[in-house]
Amino acid sequence: MTSGVRRSFVARNYISRLTATTKCHSLAGLSFPLSSSQLSSFSPLGPTRRFSASTWNAKAMAGGDFKALKVRQDRLMDTLHSTCVFGPGERWGNAAEEMGMSRLALSDSDKDVRDWFVKKTTELGCNVTIDAMGNIFAIRPGRQEGLATFAGSHLDTQPTGGRYDGILGVLAGIEMLTVLKDNNWETEFPVGLVNWTNEEGARFPMSMSSSGVWAEEIPLERAHNLREVGGGTATMKSELERIGYLGSIPASYKSSPMAAHFELHIEQGPILETEKQKVGVVKGVQAYKWFTIDIAGRDAHTGTTPLNSRADAMLLAARLIMHSHRLATTHSALASTGILTLSPGSTNTIPGRVSFTLDVRAPADATVDAMEVALKRDFAKLAAGEDIDGLLAGSTPGKPLSVEWRTDFVSPATIFHPDCIAAVRASAEEVTGSSSLVRDMTSGAGHDSVYSNRRCPTSMIFVPSKNGVSHNPEEYTSPEDCAIGANVLLQSVLRYDQMRAEGKVKA
């Protein structure tokens, strides 16, 4: 899922692809003085559309008739792979679909897939709006007025990503809307599909930034001012303006409210595949914190400086990273370093400065907090030359160094809503035909559902990832598993709509 890719070499190699020399007309400037006759057929500025009894054959919700509705696997996969022409990445196999993705947020390829999304959802009978963070909301009317029950995920990818992370969730939502239209199915309340902006945080270094603004947990100005990684000058706001997706609707749950939010996603881990199960009912998301650790030592000549006279920042960084792994093992947590930079970067100079990231995760907030306390305590001791757990055994003591911490991001543990969890579990067991193929799970990665959960009932659906691989061109989920997940999403949304109609949950 999300990754804190910042000023990394990989990201720099992809930034050069992003900036177009041509200007584009805004799709999101909802205050533009255009009449409906001037708009294209897929513009989100188009006139509001409602379904009437004369054009729709309403289906009774009684008796769970929605269970007969099924997605078309061939159409779902054709949509997924055909839209991957917008931002193709590294090839990893010989088949046409064996190619990764490089569709960074607000790039030209992201604009292209957004244009497709707006056109497609409008053709499927949705009213489309765009907010000030470029989040796109497509709402299909129901029999009565009310908030929409949403499916949602994201279309942006990592620089060297795959074609399922986020993408499957949005395109399964497209398939859901298509199934409803093909069957002239009228829901009791509206249903919707949202494409969240910059979920990955790969180009603009804050994951889930736009759903966070929508939830009013991240200030709009802070998100708009995020600058692209790799030394570029573009900000989120400037790129939203450039590609025409800076909407005039406030980015807020108050302006674009939801009755509920369901997100289909690949697991991005090995559990479902290993256990030969088909669906994960996601009950929540583990807590995590991102840190940057800056080490200051002293540059020195490698050939003339004895070991006991060195303040080697790189050697200390290696020890700190190793110790973070040991502490994670002790606390049943996770600790990872994804970015490391050093200076001066010369073969015959001992590095005097090193900076590295540290990603700490665990199911409980208390565990992450305990890890932070232990890491800060022990890093200070190691920097001063104290031995911890034999890390210095057999080595020559050097000079003391200094260590400074920055907290870059905090995401508390998330517990999803029991009504949404129940809808997903019932749907998963119905689709798979066996409770043994379904398991409860906690997500190890952050998702936009973390923020939607703070403002409306939410849950997620996981499907297997081959070899547990994600954030990699070889990311893969079989067509059969994609269809199972899409059917669970379809049923979950319709089941929740029925629960609302029957008064079992808040309408």
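- With no hydrogens or angles considered, a side-chain donor-acceptor pair links Ser355 and Asp294 at under 3.5 Å.
- Between Phe409 and Ser207, some side-chain heavy-atom pair lies under the 4.5 Å cut-off.
- In this structure, Tyr253 and Cys456 have side chains that are not in contact, with every pair of non-hydrogen atoms separated by 4.5 Å or more.
- Within the 3.5 Å criterion, the main-chain N or O of Leu155 finds no donor-acceptor partner in the side chain of Asp110.
- For Cys84 against Arg163, the heavy-atom pair with the smallest separation is SG-CB, 3.4 Å.
- Between atom CE of residue Met208 and atom NE2 of residue His447 there is a gap of 9.0 Å, rounded to the nearest 0.5 Å.
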Trp92 and Glu98: side-chain contact (heavy atoms from CB on, under 4.5 Å), yes or no, with the steps?
-> CA-CA 6 Å; Trp92 59 272; Glu98 291 178 343; 3.7 Å; yes

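- Side-chain contact between Phe150 and Val493 is absent, with no heavy atoms from C-beta onward closer than 4.5 Å.
- Using the six-membered ring where Trp is involved, His265 and His154 have ring planes that are tilted, between 30° and 60° apart.
- Between Leu80 and Leu171, the shortest heavy-atom contact is CA-CD1, 3.3 Å.
- In this structure, Ser411 OG and Trp290 CH2 are separated by 9.0 Å, a value rounded to the nearest 0.5 Å.
- Thr330 places a side-chain N or O within donor-acceptor distance of the main-chain N or O of Arg326, the cut-off being under 3.5 Å.
- Remark: Arg222 CZ is loosely packed, at most 12 non-hydrogen atoms of other residues, nucleotides or ligands lying under 6.0 Å away.
- Ser452 and Thr458 form a side-chain donor-acceptor contact under 3.5 Å, judged by distance and modelled atom types alone.
- At least one side-chain heavy atom of His261 sits under 4.5 Å from a side-chain heavy atom of Ser449.
- Counting only N and O atoms by type, the side chains of Thr197 and Arg114 include a donor and acceptor under 3.5 Å apart.
- No donor-acceptor pair closer than 3.5 Å links the side chain of Glu239 to the backbone N or O of Ser107.
- Remark: side-chain polar atoms of Asn472 are paired, donor with acceptor, to backbone N or O of Glu474 under 3.5 angstrom.
- Pairing each heavy atom of Leu401 with each of Gly297, the nearest pair is CD2-CA, 3.5 Å.
- Taking each heavy atom of Met101 and Gly87 in turn, the nearest pair found is CE-O, 3.3 Å.
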Walk me through it: do Leu106 and Tyr245 pass the test side-chain contact (heavy atoms from CB on, under 4.5 Å)?
-> CA-CA 9 Å; Leu106 309 184; Tyr245 278 89; 5.7 Å; no

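- Look at Asp378 and Arg319 and you find no salt bridge, because none of the NZ, NE, NH1 or NH2 atoms lies under 4.0 Å from a carboxylate O.
- In this structure, the side chains of Ile136 and Val118 come closer than 4.5 Å at one or more pairs of heavy atoms.
- Between the side chain of Ser238 and the main chain of Ala234, no donor-acceptor pair closer than 3.5 Å is present.
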Verify side-chain contact (heavy atoms from CB on, under 4.5 Å) between Val463 and Leu168, making sure each step is shown before the conclusion.
-> CA-CA 10 Å; Val463 288; Leu168 175 61; 3.9 Å; yes

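- The distance from atom CD1 of Ile350 to atom CG of Asp299, rounded to the nearest 0.5 Å, is 9.0 Å.
- When side chains are defined from C-beta on, Asn135 does not count as touching Ser256, because their heavy atoms never get closer than 4.5 Å.
- More than 12 heavy atoms of other residues, nucleotides or ligands shown are found within 6.0 angstrom of NZ on Lys376.
- Classification of the Phe356-Phe379 ring pair by plane angle, with boundaries at 30° and 60°, yields tilted.
- Around the NZ atom of Lys289, the shell of radius 6.0 Å holds more than 12 heavy atoms that belong to other residues, nucleotides or ligands.
- Put simply, the side chain of Tyr164 never gets that close to the backbone of Ser478: no donor and acceptor are under 3.5 Å apart.
- No more than 12 heavy-atom neighbours from other residues, nucleotides or ligands sit within 6.0 angstrom of CZ on Arg353.
- No salt bridge links Arg103 with Glu200; every basic N to acidic carboxylate O contact stays at or beyond 4.0 Å.
- Taken to the nearest 0.5 Å, the CH2 atom of Trp405 stands 5.5 Å off from the CG atom of Leu358.
- Ile421 CD1 to Ser459 OG: the interatomic distance, rounded to the nearest 0.5 Å, is 5.0 Å.
- For the residue pair His331 and Thr367, the shortest heavy atom distance occurs at O-CG2, 3.5 Å.
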Go through the steps for Thr233 and Arg227 under the test side-chain contact (heavy atoms from CB on, under 4.5 Å), then give the verdict.
-> CA-CA 6 Å; Thr233 60; Arg227 192 173 299 276; 4.0 Å; yes

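- Between Leu320 and Ile295 there is a side-chain heavy-atom pair separated by less than 4.5 Å.
- A donor-acceptor contact shorter than 3.5 Å is absent between the side chain of Glu217 and the backbone of Tyr451.
- Residues Leu375 and Ser324 have side chains in contact (heavy-atom distance under 4.5 Å, counting atoms from C-beta outward).
- Classification of Lys254 and Glu216 as a salt-bridged pair holds, one side-chain N sitting under 4.0 Å from a carboxylate O.
- Side-chain contact, Tyr476 with Asp481: no donor N or O sits under 3.5 Å from an acceptor N or O.
- For the residue pair Ser465 and Thr477, the shortest heavy atom distance occurs at CA-OG1, 4.1 Å.
- Asp408 places a side-chain N or O within 3.5 Å of a backbone atom of Thr292 that can act as its donor or acceptor partner.
- Look at Arg425 and Glu429 and you find no salt bridge, because none of the NZ, NE, NH1 or NH2 atoms lies under 4.0 Å from a carboxylate O.
- Side-chain contact annotation: Glu263 with Ser153, donor-acceptor N/O pair under 3.5 Å present.
- Looking only at distances, no side-chain donor or acceptor of Asp389 sits under 3.5 Å from a matching main-chain atom of Leu391.
- Using modelled atom types, one side-chain atom of Arg455 and one backbone atom of Ala215 make a donor-acceptor pair closer than 3.5 Å.
- Rounded to the nearest 0.5 Å, atoms OG1 (Thr235) and CZ (Phe204) are 7.0 Å apart.
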